[in-house]
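Structure first, then comments.
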Number of protein chains: 2
Amino acid sequence: MTEDTFSTIGQMCEEFDVTPRTLRFYESKELLFPKREGSRRLFTRSDRGRLVLILRGKRFGFSLEEIRQLLDLYDIGDQQQTQIARTYSVALERLEAMRAQRAELDDAISELEAQMDHARTILKSRGVGAAA
Amino acid sequence: MTEDTFSTIGQMCEEFDVTPRTLRFYESKELLFPKREGSRRLFTRSDRGRLVLILRGKRFGFSLEEIRQLLDLYDIGDQQQTQIARTYSVALERLEAMRAQRAELDDAISELEAQMDHARTILKSRGVGAAA
DNA sequence: AGTGAAGTTGACGCGAACGTAAGGTCGAAC
DNA sequence: GTTCGACCTTACGTTCGCGTCAACTTCACT
C-alpha cells in the first residue's frame, strides 16, 4: 500500500512539469525530503503532496521560504506544541494576507475591466474592429 | 489648478513609502516620467497615478515590464490604433490571468482555512490555549 | 567491453528589482 | 564662505529561483 509510491526524479519531473534542477533545489532548501537509494533520490507520496503545495504557493507569489514555513502546517504530527503554535500564527498572518490580496485583486479586476471598456469605446469610435 | 501638483522625490518617497532609488529605477525603466528642473526631478499628478498602479501591480506579482505595458492602457490619448489594439490584447491576457489567479486564490484560502481548523482541533485536543 | 540513458554533485551564470556606497552639485542658512 | 540637507549620477553588490555546463557514476543492454 505504501509501496510503489516512490518515484524517481524523472518521473516527478514528468508528472509535475518541472526540471530535475528544480527538485534538487527544493531539496536543498528543505522543501522536499526524498529518501535515498544509494545516491539516487526516491520521492515519496509526502513529497508529491508537498510539491503540489509548493507550486500552488508559487502562483500566489509566495517566496520559497514562506512556503517552507507554511508546509510545516501540513506536517503536524510529532512536533512540539510551541512549534505548532508558532506555525499556526505564521499561517494566520498568511491567511490574512491572502484575504487582503483577494480583496485587492477583486478591485484590480474591476478597474481593469472598466479600463478595457473605456478602450473598447475608443476603438469603436475610431472604427477599429479589434474589440470582442 | 495644475500647479503645485509637482512633487520632489523626497515628497514622493514619503507619500508612497518607497526609496529614491526605487523612483529613479522606475524612471529608468520608463514607468515614470518626471519633469526636470535643472537636474532635479519633479513628479507630476500623472506620475503619482502611475505609481499607485505600479505598486498595486507589484502586489499581484506582475513584473515591471508587464506593468509598463498595462500602464499604457491608462494613457490612451494620442496613440496609434495598432498600439492601442496591441495593448488591449495584452490587457485581455492579463485579465484572464487575474481571474484565474482569483479562482486559485479562493481555493487556496479555503484549503488553508481547512488546515487551520485541523490545526486548531489538534491544539485543543492537546489542551493548548493558543487558538482564537 | 562498450554504449546510452538516467542519475549524481559542484560551481558558475543570469534577469529582476532594487540596495548601497562614493563622489559631485546646488541653494538656503549660519 | 562654508556648512548642511536634499538632490544628482555612476556603478558595483545582493537576493531569489532556478538554468546551464562540467565531470563523474550506475545500471541496463547489446
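Each chain gets a letter, A, B and so on, in the order its sequence line appears, and its residues count up from 1.
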note = Sequence neighbours excluded, the answer for side chain to side chain contact (heavy atoms under 4.5 Å, CB included) partners of A/Arg56 is A/Val52, A/Leu53, A/Arg59, A/Phe60, B/Ala108, B/Glu111
How close or far is atom [atom2] of [N] from atom [atom1] of [X], stated in whole angstroms?
| X | N | atom1 | atom2 | result |
| --- | --- | --- | --- | --- |
| A/Leu42 | C/dA6 | CG | C1' | 13 Å |
| A/Ile54 | D/dC16 | CD1 | P | 16 Å |
| B/Arg36 | D/dC8 | CZ | P | 7 Å |
| B/Arg24 | D/dT9 | CZ | P | 7 Å |
| B/Met12 | D/dC8 | CE | P | 12 Å |
| A/Glu30 | D/dC16 | CD | C1' | 17 Å |
| A/Leu32 | D/dC18 | CG | P | 12 Å |
| A/Asp17 | D/dG19 | CG | P | 11 Å |

Of all residues at least two apart in sequence or in a different chain, which pass the side-chain hydrogen bond (donor to acceptor under 3.5 Å, both in side chains) check with [X]?
| X | result |
| --- | --- |
| A/Ser46 | none |
| B/Asp117 | B/Arg120 |
| B/Thr8 | none |
| B/Glu27 | B/Arg36, B/Arg41 |

remark   = Residues passing the salt bridge (Lys or Arg N to Asp or Glu O under 4.0 Å) test with A/Arg102, sequence neighbours excluded, are B/Asp106
Sequence neighbours excluded and cut-off under 3.5 Å, please list the side-chain donor-acceptor pairs for residues 16-23 of chain A, or say none.
| residue | atom | partner | partner atom | Å |
| --- | --- | --- | --- | --- |
| A/Thr19 | OG1 | A/Thr22 | N | 3.2 |
| A/Thr19 | OG1 | A/Thr22 | OG1 | 2.9 |

ask   = Should the heavy atoms of other residues, nucleotides or ligands under 6.0 Å from CD of A/Glu65 be counted, would the total exceed 12?
value = yes
query = In B/S/- notation, 5' to 3', how is nucleotides 10-29 of chain C contacted by protein heavy atoms closer than 4.0 Å?
reply = -B-----BBBB---------
What are the atom names and distances for every N/O pair under 3.5 Å that joins the protein to nucleotides 3-5 of chain C?
none

ask   = Is there a donor-acceptor pair closer than 3.5 Å between any side-chain N or O of A/Asp47 and the backbone N or O of A/Phe33?
value = yes
task = Have a look at B/Arg41 and say if it touches a base, only the backbone sugar-phosphate, or nothing, with a 4.0 Å heavy-atom cut-off.
result = sugar-phosphate
